[in-house]
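Computed from a predicted model, the values in this text were never measured in an experiment. Quick note: numbers below take in every heavy atom, side chains included, and nothing from hydrogens, waters or symmetry partners. FYI, the numbering just counts along the sequence from 1.
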Amino acid sequence: MKTSFKALIITLAVIVLVAIGAIVFALNQRASAPSGDGETVRTDSHVLDDAGEGAVTLVEFLDFECEACGAFHPIVEDLREKYDGEITYVVRYFPLPGHINSTQAALAAEAAAQQDRFEDMYAMLFETQAEWGEKPVETPEVFRGFAEQLGLDLAAYDEAVADPVTLARIEADKADGVALGVQSTPSFFLDGTLLELTAWGDLEAAIEKAVNG
């Protein structure tokens, strides 16, 4: 009897654990599913190139610590130069939880944006990614050093980084990305459509088709 009772308890425990696992999985799936409420571009989005009304619009959701984003950066810069005046290029934040410094880097970029120096910080963050990426702890002092190198007003920079509104601005970008179905970085939207890239040349091919289509 004792053996049978023990087996019954174990069986019930397994069933409960499986049920809990199924519920957690379902909730995660629901949370990661696109809600359809996101926007690819908002009035406060960072527009690095503006080709005017009717131009092809390329939006990148990125994580400054993401190595794939770093690898795509020179490709994007080449495409910006090649299609200068033909495409509008917009950058949006999507810091990933597995990257310790991703939010700190985004805060640095947003603080620089408040001094009209977003693109300078954007470039510096990618150029120096190997120096501060993949660290076990956050290194805000490194990003403050970048602000100093760029000649930013450090008092204003510190105030912006500490302001909850700055973090909320970053989180709003990510919320849009989640709602739009972004699951990894970099994710590119071309005229509102999420691109599926399987090769390095796919981004240029999509832009070329949109520009000449």
Please confirm whether the ring centroid of [X] lies under 6.0 Å from the ring centroid of [Y].
{"X": "Phe188", "Y": "Phe72", "answer": "yes"}
{"X": "Tyr89", "Y": "Tyr83", "answer": "no"}
{"X": "Tyr122", "Y": "His73", "answer": "yes"}

Practice item. Could you give me the CA-CA distance, side-chain angles and deciding distance for Phe189 and Phe61, then say whether ring-ring contact (aromatic ring centres under 6.0 Å, His included) is met? Key: CA-CA 8 Å; Phe189 287 80; Phe61 282 84; 5.7 Å; yes
Exercise for review: Would you mind reporting whether Phe143 and Asn101 have side-chain heavy atoms less than 4.5 Å apart?
Suggested key: yes
**Study point:** Least distance between heavy atoms, Ala109 atom then Leu125 atom
**Key:**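 What the structure gives for the nearest pair is CB-CD1, 4.1 Å.
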Point to revise | Residues forming a side chain to side chain donor-acceptor pair (under 3.5 Å) with Glu86, sequence neighbours excluded | key: none
**Study point:** With sequence neighbours excluded, residues passing side chain to side chain donor-acceptor pair (under 3.5 Å) with Gln115
**Key:** none
Going by an N to O cut-off under 4.0 Å, is there a salt bridge joining [X] and [Y]?
{"X": "Arg169", "Y": "Asp173", "result": "yes"}
{"X": "Glu77", "Y": "Arg80", "result": "yes"}
{"X": "Glu204", "Y": "Lys82", "result": "yes"}
{"X": "Glu110", "Y": "Arg92", "result": "no"}

